[in-house]
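Presented below is the structure to which this report refers.
As the structure is a computational prediction, the values presented were derived from the model and not from experiment.
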Amino acid sequence: MAIEIDNNEKKNRTFDIDKIRNDFPILKQLINGKPLVYFDNAATTQKPLSVINKIESYYKEINSNIHRGVHTLSQRATVEYEATREKVMRFINAENLSEIIFTKGTTDSINLVASSFGKKFVKEGDEIIVSQMEHHSNIVPWQMLCEEKNAHLKVIPINDSGELIIEEYEKLITEKTKLVSIVYVSNSLGTINPVKEIIKIAHSKNVPVLIDAAQAIQHFKIDVKELDCDFLCFSGHKVYGPTGIGVLYGKQALLESMPPYQGGGDMIRSVSFSKTVYNSLPAKFEAGTPNIEAGIALGTAFDYINSIGIENIFDYETDLFNYANEKILAIDKLIPIGTAKNKSGTISFILDGVHPHDIGTILDFDGVAIRTGHHCTQPVMERFNLPATARISFGLYNTKEEVDIAIKSIKKVFEVFI
Amino acid sequence: MAIEIDNNEKKNRTFDIDKIRNDFPILKQLINGKPLVYFDNAATTQKPLSVINKIESYYKEINSNIHRGVHTLSQRATVEYEATREKVMRFINAENLSEIIFTKGTTDSINLVASSFGKKFVKEGDEIIVSQMEHHSNIVPWQMLCEEKNAHLKVIPINDSGELIIEEYEKLITEKTKLVSIVYVSNSLGTINPVKEIIKIAHSKNVPVLIDAAQAIQHFKIDVKELDCDFLCFSGHKVYGPTGIGVLYGKQALLESMPPYQGGGDMIRSVSFSKTVYNSLPAKFEAGTPNIEAGIALGTAFDYINSIGIENIFDYETDLFNYANEKILAIDKLIPIGTAKNKSGTISFILDGVHPHDIGTILDFDGVAIRTGHHCTQPVMERFNLPATARISFGLYNTKEEVDIAIKSIKKVFEVFI
Amino acid sequence: MNLDLRELYQQVILDHNKNPRNFKILTNYNHFAEGYNPLCGDKIDIYVLIESNIIKDVSFVGNGCAISKSSASLMTTILKGKTEEEAKQIFENFHVMITGKLNEEKSLEELGKLAVFQGVKEFPARVKCASLAWHTFNAAVKNEKTVTTE
Amino acid sequence: MNLDLRELYQQVILDHNKNPRNFKILTNYNHFAEGYNPLCGDKIDIYVLIESNIIKDVSFVGNGCAISKSSASLMTTILKGKTEEEAKQIFENFHVMITGKLNEEKSLEELGKLAVFQGVKEFPARVKCASLAWHTFNAAVKNEKTVTTE
Ligand SMILES: Cc1ncc(COP(=O)(O)O)c(C=O)c1O
Ligand SMILES: Cc1ncc(COP(=O)(O)O)c(C=O)c1O
């Protein structure tokens, strides 16, 4: 069992940015002869050496299939894999291990819920509520479900700052609403949604809520009990862990009431052609050989975050974000997209007369990696009548100096295009 | 483009077992003070250093999200990830890149087909044919589909040697049959099924065939054009690659006719709340951030296999298998389970009066890792009226000396239990 | 033979494995449960007769590895005549022992014949084998139908 | 300014980006296609009027990055008056150039004004931008409605 450090002690640990940067080998890469300035963290984060080393030692020392083996390697691998489930449970303060389902990523998690919850609870004429700022992975699975079931997808609109219009949300909930599925932090606008309030409103009408925490889990403390969310999803690769692993948290009673998603090994108790009995949670939703390597390394990623303290990460990143936001928004002819009061992690913008794709190319010349495009949120682009934006998104290893380099590079864009 | 070496040249390359064993760092591990003898290859294979190094260098040098990035890292990662698709295409001789879908593994691949093909083509009263020797992952998805659609699952029986009874299969195919889904090599019996014949029979009645090649791809040459199979699945982790990645091959026209499986990023061309347009193949079936790391490293695993030559692997393993089969079957009071004429990779057995679980524990004392249990093939256990078997399964790095160690250890079981 | 191996497979265990005691279906019982260990395919049915809080009779049938079979067999011999509370206490001590958390000589003594299972603590994969019968007995007493250890 | 950067964003390209030629919907056309580059959200509509195998008129509308827009603009100025076969040949040369497979000075000369795009070959991610208009033109001529480059 992990030793609990009280919050004050956590706060008092210093945030040693030089040491942290040293933990990420890729930051020493040169891109076009310049040091990499990695500002594409919302797409995927870089990995600390401890995570990389864990994968290496896993394959060099204990690689084995898990759950069904009596031999030593299989036992070791099983123990390490299941240890991650416990780390995740503690990190988000879930009630028990049955509530932590390993998936391929956020997209897989949401599809699991859309399929399984949908099969059980969504009927013709029912309604699902999402928002206009959802990632495609929190839109398309519901569209597919609604098409199949003849149900309806309702959309909470956003205002010009990129904030949800809560009054409209309240009007959308009816007796037909079966689920509200909402992003915690928008990956294209940076908006932090008032999910606690959203959940309260839904619960007052007995509607469960799914929270897409893909852009939240890496930036601030999440407590599923305090939020009282019914489902919560995130991707390992956006929280300093490997690709190919994600988490679906669900309240136990809800998960128990849902039918399995995929069929295969591990998710069954017994199989025969006359009668197959499904396994209990969490195995019921984990068919087939899991991503063992990534599951184990995800635990190491959480160890890493815990060694710094998520509150310290939040404080550091908030300071960095405020610095960047002020300086970037001060750039002449730069138009920010998404100006919500509560923001985290992401600054989206366009430059007058320059296509974001060209901005991306020019910044890349200076080693600055940003993302340009619709960020898998085309309804947001439509809302602001844009084909694309340029997006700077932060990780715990970014610095103010890097922000300055990016700003210099953004100014260069005008030199080229005038 | 890879340089094509003609078959004769491939054959003439020597199979240098010492060098090969050196390529796998884990083989130097001691288990209970004894050198690891890894005979659990059907569960998962060990990884060559080149694969481990690839993962490491991926994270240290180019880690980035793919497909939508203009910056340097994203481009590099995209190129490497897509290079694996081409390697897989060549390895199984598919017609084009659209036919290679990346999944999480065999289980995910089969679930994809059961869900998507099922949605489109399977109606009430229709029939799906599997066999009695299928892995649970090729049973449960079809049971779930049949339950949902009120369709029927038909089962090809096996004889006492663990071979499919082809005459029974021929009787099972009717106008109601929508798909035949068959394992190429049984993971619990070792039987190599006559899949070419099975496919021919199905095609003569216009029924498509899925081949579960999870236990075949690593042992001998597979040519999807020659087999003329409609779908083929395998897992990366059983072919010397990482966990969390698998392949679904499908004939292009068939894949094109099928609806998408999961919804999310990458699998769409454009999303709006009024109309969402799905992407073309293979992206249509690949929602969300893929397992980039594992995708890239799977390519390295195929490079490794190609560097040895799959024909050479087949020759070496055949010789090893024959040696082991003869010597193991000669053990007094040992009863082999699965005595088909054509076998590959796996020897299952029981010892009179000793539970397989105890065999597993005793062998583990000597560093010999085998699997005991039902191997996710409970209908096979039922067929032979057994709770479990002990299974030895081979990889390209195993040796006759290792077989001798295992045999000595099996004999020790009797010492304990007499 | 390997020393550790002999520690796991003690003679008493091998004996109970070969000649399990109370290996039958009770004709007169008022509690019953099925236990599964999907890891190795173990399956054990437990039959119990309890009268005025006393375990009058207990038996088992099923199949499993040497550890689970002998553990079931020994359990039946020990529980007969005990009260429910005593049974609970014995299982607690037993569980503490096989998971390696026992540190007082005294409690080991208390465990009596069950001490032959102390080698199990070195084999995490086998703890479930050793405890399956006990979990199933508990389920039977609580009138739960099935139990799984995983 | 960075040298390589200037090689990609040549003055001609910037000029066509700012003042695209033939940026309109033809009132009289007999071929049309829509082109998408989902990578950057580029979307281009191409209108073509072909009479007796001669490209009488060609225009475009849409939005995209500087490379795709200027490529579309330059394409329209070059194709006017050419035969379908000549257009095909030009695109082939162009494609060879931007994918970095051109090795004869002669063909570069043949490409004339299009040579300003030779910097693109250093930017694999931008090849699709430069070729989008051409692919769309091809689709229009073949009477395919939409084309995507990915
Ligand atoms: C024949 C066969 N099919 C399917 C599977 C399932 O593969 P995975 O667990 O990698 O999805 C396996 C592996 O256990 C297998 O041996
Ligand atoms: C808010 C949000 N939701 C969902 C996703 C999808 O995550 P993944 O691609 O890892 O499945 C992302 C990542 O792009 C995201 O930012």
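- T276(B) places none of its side-chain heavy atoms less than 4.5 Å from the side chain of S270(B).
- When heavy atoms are compared at a cutoff of 4.5 Å, P259(B) does not approach chain A at all.
- Listed for the N32(A) side chain is no donor-acceptor partner under 3.5 Å among the backbone atoms of K34(A).
- The residue among K238(B), E293(B), R371(B) with the most heavy atom pairs within less than 4.5 Å of chain A is R371(B).
- Under the 4.5 Å side-chain criterion, counting only non-hydrogen atoms from C-beta, N65(A) is in contact with T289(A).
- Both the backbone and the side chain of I292(B) come within contact range of chain A, each with at least one heavy atom under 4.5 Å from a heavy atom of that chain.
- Counting heavy-atom pairs under 4.5 Å between each of H375(A), H135(A), Q143(A) and chain B puts Q143(A) at the top.
- Contacts of Q262(B) with chain A are made by both backbone and side-chain atoms, with heavy-atom separations under 4.5 Å.
- Counting heavy-atom pairs closer than 4.5 Å to chain B, the top-ranked of the candidates M381(A), Q132(A), E61(A), K104(A) is E61(A).
- To the nearest 0.5 Å, atom OG of residue S116(B) and atom CZ of residue F285(B) are 4.0 Å apart.
- At a 4.5 Å heavy-atom cutoff, the contact between L49(A) and chain B is made by side-chain atoms alone.
- Residue with the most contacts toward chain B among G246(A), P141(A), P260(A): P141(A) (heavy-atom pairs, distance under 4.5 Å).
- Chosen from K28(A), K47(A), E382(A), the residue pairing most often with chain B at heavy-atom distances under 4.5 Å is K47(A).
- Using a 4.5 Å cut-off between heavy atoms, T103(A) contacts chain B through its backbone alone, with no side-chain atom that close.
- In this structure, S393(B) contributes its side chain and A42(B) its backbone to a donor-acceptor pair below 3.5 Å.
- Using a 4.5 Å cut-off between heavy atoms, T45(B) touches chain A through its backbone atoms (N, CA, C, O) alone.
- The backbone N or O of Y59(A) lies less than 3.5 Å from no partner atom in the side chain of N63(A), so there is not a single donor-acceptor pair.
- With a threshold of 4.5 angstrom between heavy atoms, Q29(A) approaches chain B through side-chain atoms but not through N, CA, C or O.
- Heavy atoms of L363(B) lying under 4.5 Å from chain A are absent altogether.
- Using modelled atom types, one side-chain atom of R391(A) and one backbone atom of N187(A) make a donor-acceptor pair closer than 3.5 Å.
- Only the side chain of H237(B) has a heavy atom closer than 4.5 Å to any heavy atom of chain A.
- When T107(B), N111(B), I139(B) are compared by the number of non-hydrogen pairs under 4.5 Å with chain A, N111(B) comes out ahead.
- Proximity of a side-chain donor or acceptor of Y278(A) to a complementary backbone N or O of A283(A) within less than 3.5 Å is not detected.
- Only the side chain of V155(B) comes within contact range of chain A, with at least one heavy atom under 4.5 Å from a heavy atom of that chain.
- Between chain B and the options G105(A), S272(A), S235(A), heavy-atom pairs under 4.5 Å are most frequent for S272(A).
- Ranking I66(B), L112(B), I110(B), D40(B) against chain A, the residue ahead of the rest is D40(B), based on heavy-atom pairs under 4.5 Å.
- Residue with the most contacts toward chain A among T44(B), T243(B), L27(B), T72(B): T243(B) (heavy-atom pairs, distance under 4.5 Å).
- Under the 4.0 Å criterion applied to side-chain N and carboxylate O atoms, K119(A) and E148(B) are assigned as salt-bridge partners.
- Heavy atoms of L36(A) lying under 4.5 Å from chain B belong exclusively to its side chain.
- Among V51(A), T361(A), I55(A), the residue with the largest count of heavy-atom pairs under 4.5 Å with chain B is I55(A).
- The candidate from L153(B), I370(B), T106(B) with the greatest count of non-hydrogen atom pairs under 4.5 Å with chain A is I370(B).
- At least one side-chain heavy atom of Y38(B) sits less than 4.5 Å from a side-chain heavy atom of Q46(B).
- The nearest pair of heavy atoms linking D366(B) to S409(B) is OD2-OG, 2.6 Å.
- At distances below 3.5 Å, at least one donor-acceptor pair connects side-chain atoms of S57(B) with backbone N or O atoms of K54(B).
- A distance-only check finds a donor-acceptor pair linking the side chain of H136(B) to the backbone of Q378(B) [under 3.5 Å].
- Across A294(B), P242(B), S115(B), the residue that shares the most heavy-atom pairs under 4.5 angstrom with chain A is P242(B).
- For M267(A), the part lying near chain B is the side chain, with the backbone staying farther off; criterion is any non-hydrogen pair under 4.5 Å.
- Here F102(A) and Y81(A) bring their ring centres to under 6.0 angstrom of each other.
- The contact between Y261(A) and chain B is made by backbone and side chain atoms together, counting heavy-atom distances below 4.5 Å.
- D364(A) contributes no side-chain N or O that, together with a main-chain N or O of H71(B), makes up a donor-acceptor pair within less than 3.5 Å.
- Within the 4.5 angstrom heavy-atom criterion, no atom of N138(B) approaches chain A.
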